[in-house]
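Note sheet for the following structure.
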Amino acid sequence: MIVRGIEEVASRRLAAKFSDDNDSGARPPRGGTGPEPTDEPTDTLLTRTQLTALDEVQLLDTTLRDGEQMPGVSLTPAEKVDIARELDAAGMHLIEAGSACTSEGEREAIRRVADEGLDATVTSFARGVKRDIDHALDCGVDGINLVVPASDKHVETKVGSTRDDVVETTVELVEYAKDHGLWVEVLGEDGSRADLDYLERLLGAGLDAGADRICYCDTVGAADPERTAEVVSRLADRGPTSLHTHDDLGFGVANVHAGLKAGADTVHGTVMGVGERAGNVALEEVAIALDQSYDVDTVELERLYRLCRTVSEATGVALPPNKAVCGANAFAHESGIHTDGTLKDGTMYEPYPPETVGRERRLVLGKHAGRAGVKAALAEHDVAVDDDELSEVVSRVKELGDRGKRVTDADLLAITEDVQGRERDRHVELVDLSATSGGNLPTASVRLRVGDEERVASGTGSGPVDAGLEAVRAALAGDGAGEGVSFELDSYHVDAITGGTDAVVTVEVDLSRGDRSVSVSSTDADITRASVVAMVDGLDRLLAAAADAADADPGAVADD
Ligand SMILES: CC(C)C(=O)C(=O)O
């Protein structure tokens with residue numbers, strides 16, 4: 001582990017601030033008169049603005065600490081290690097791996113992250129008590145995020161202390177941690193609601209005692225950008241300053257930008273903004289906004305989506321469909337006008353190409369569908385239609401959309417077959433399914449018709465749906481008698497259509513084989529059946545497409 005350039009950035013910035021060169025215009029003055037357009041060529045009318053006083057920003061990820069404080073989220077050591085590896089691979093500068101005082105299990109997790117040999121600086125959260133620092137030392141971390149109360153509410157009501165005592169303890173603890181070789185950041189909890197003179201005195205005392213940096217905390221997300229700028233510019237005059245913002249007023253990212261313009265150089269946040277209440281600022285949003293609007297590099301953007309998926313899977317927090325960068329709809333277009341425009345020029349309705357953050361563009365069909373979008377979707381499945389057929393398909397797609405249904409690829413293909421009066425043979429079909437759960441090992445058995453043969457197989461999994469998927473995979477794997485067929489389940493989504501324990505559910509899956517993919521849905525009162533039927537129907541569509549492509553060659557059913 002290394003302290004990845006973080007203090008180099010800060011000291012260069014401070015040096016620039018206090019050097020004469022600064023006045024010569026080599027570096028724009030902090031807190032200046034507002035954004036200055038750069039002369040970078042651009043193919044849009046947008047000009048990139050320069051964040052005053054900074055050109056490098058470091059990110060501290062606290063998904064494994066503040067993110068895990070989200071109600072209902074609890075990560076195992078293995079999950080923490082997985083997330084930490086992904087963060088490190090993306091080039092995260094600092095990773096707050098947890099709070100060492102929490103439990104032996106938490107210390108084990110922090111130890112494992114610290115032992116990974118990551119490039120990132122690995123830290124532990126520590127409250128303002130010596131035993132928390134000892135616990136952090138015991139975990140082998142590089143540094144600590146030392147949290148001390150800053151607002152009177154926290155000083156007096158929460159910890160029952162006085163301002164002077166908190167300053168004195170902070171100095172002692174910083175000296176103790178530095179004597180033990182730790183990198184130290186001092187955070188003033190509830191700093192946005194603290195008396196500014198006292199906050200400056202408290203955090204300044206931390207710096208004077210040897211802390212490497214201080215952090216402005218908008219603990220309850222109560223500040224607006226103006227307050228943020230006011231507080232941060234005072235703190236940044238004292239030394240390297242980080243920002244820790246929450247999103248209770250929806251100002252999370254705006255406050256980060258205000259704080260950076262006011263002289264901070266490091267941003268705390270979490271992946272997908274997971275965290276207490278309304279969450280922390282989402283680091284993927286910070287990273288993409290800094291890149292797009294200010295030309296500031298932070299982490300590897302093309303790894304952001306993958307990172308979000310890893311965190312979503314580990315935490316169980318679904319990717320919010322309408323969120324920047326990670327949302328399913330971030331690069332999806334449904335309305336006829338948008339789809340038509342997007343087909344003419346991919347950037348028509350997007351601020352940046354999806355590949356920038358490791359995504360792909362999707363055209364979705366629903367009640368707003370138009371001819372261009374439907375035609376393009378059919379072309380992706382190598383289906384050609386004449387003008388009259390297209391009109392009929394579009395109107396049936398809209399009808400389905402009007403009934404509140406998202407129109408999947410399988411729906412579109414079925415509608416088109418009907419409009420064109422085509423019948424097709426199924427390549428794979430579910431004949432029978434049984435599943436058991438409740439015991440130690442959920443199990444499912446399937447009987448499939450694959451071409452002319454019947455295949456029976458069973459599988460086990462974390463639940464009956466997972467077991468059903470394994471059974472389908474096993475039936476299709478081929479055992480010498482039949483040929484093997486493999487596929488990827490790219491996404492799986494369940495919606496309860498009715499309430500109660502007898503709810504009817506719709507399962508929607510995206511499957512792929514090679515470079516072909518298909519979306520399919522199935523509705524049933526039995527979630528396992530709905531899931532397996534959707535998977536088998538999707539696979540059937542993929543096999544049909546492969547067979548068509550190979551000009552009805554039966555060998556196309558098997559993997560190459
Ligand atoms: C205690 C600090 C760092 C915190 O999590 C917050 O202010 O939200």
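Just the heavy atoms: all of them, side chains too, but no hydrogens, waters or symmetry mates, feed the values below. Remember, it's 1-based here, ligands and their atoms both numbered in the order they're listed.
- For ligand 1, the atoms sitting less than 4.0 Å from at least one non-hydrogen atom of Leu187 are 3 (C), numbered in the order shown with element in parentheses.
- Ion pair Glu189/Lys158 flagged as a salt bridge, since at least one NZ, NE, NH1 or NH2 atom sits closer than 4.0 Å to an Asp/Glu carboxylate oxygen.
- Here Arg193 does not pair with Asp152 in a salt bridge; the nearest charged N to carboxylate O distance is not below 4.0 Å.
- Relative to the ring axis of Tyr198, Arg163 places its NZ or CZ within 45° and under 6.0 Å from the centre.
- Residue contacts with ligand 1 for Arg277 are absent, since no atom lies close enough (heavy atoms, distance under 4.0 Å).
- Nearest protein heavy-atom neighbour of atom 8 (O) of ligand 1: His246 NE2, 2.8 Å.
- With a heavy-atom cut-off of 4.0 Å, Val147 touches ligand 1 through its side chain alone.
- By the 4.0 Å N-to-carboxylate-O rule, Arg361 lies too far from Glu355 to be salt-bridged with it.
- A side-chain N or O of Glu350 and one of His333 form a donor-acceptor pair less than 3.5 Å apart.
- Not a single heavy atom of Glu276 lies less than 4.0 angstrom from ligand 1.
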Requested in this report: Walk me through it: do Glu313 and Glu79 pass the test side-chain contact (heavy atoms from CB on, under 4.5 Å)?
Outcome: CA-CA 9 Å; Glu313 273 162 33; Glu79 286 167 336; over 6 Å; no
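- Residue contacts with ligand 1, taken as heavy atom pairs separated by less than 4.0 Å, involve His244 solely via side-chain atoms from C-beta onward.
- Between Thr219 and ligand 1, at least one pair of N/O atoms sits closer than 3.5 Å.
- Listed by atom number, the atoms of ligand 1 under 4.0 Å from Arg65 heavy atoms are 3 (C), 4 (C), 5 (O).
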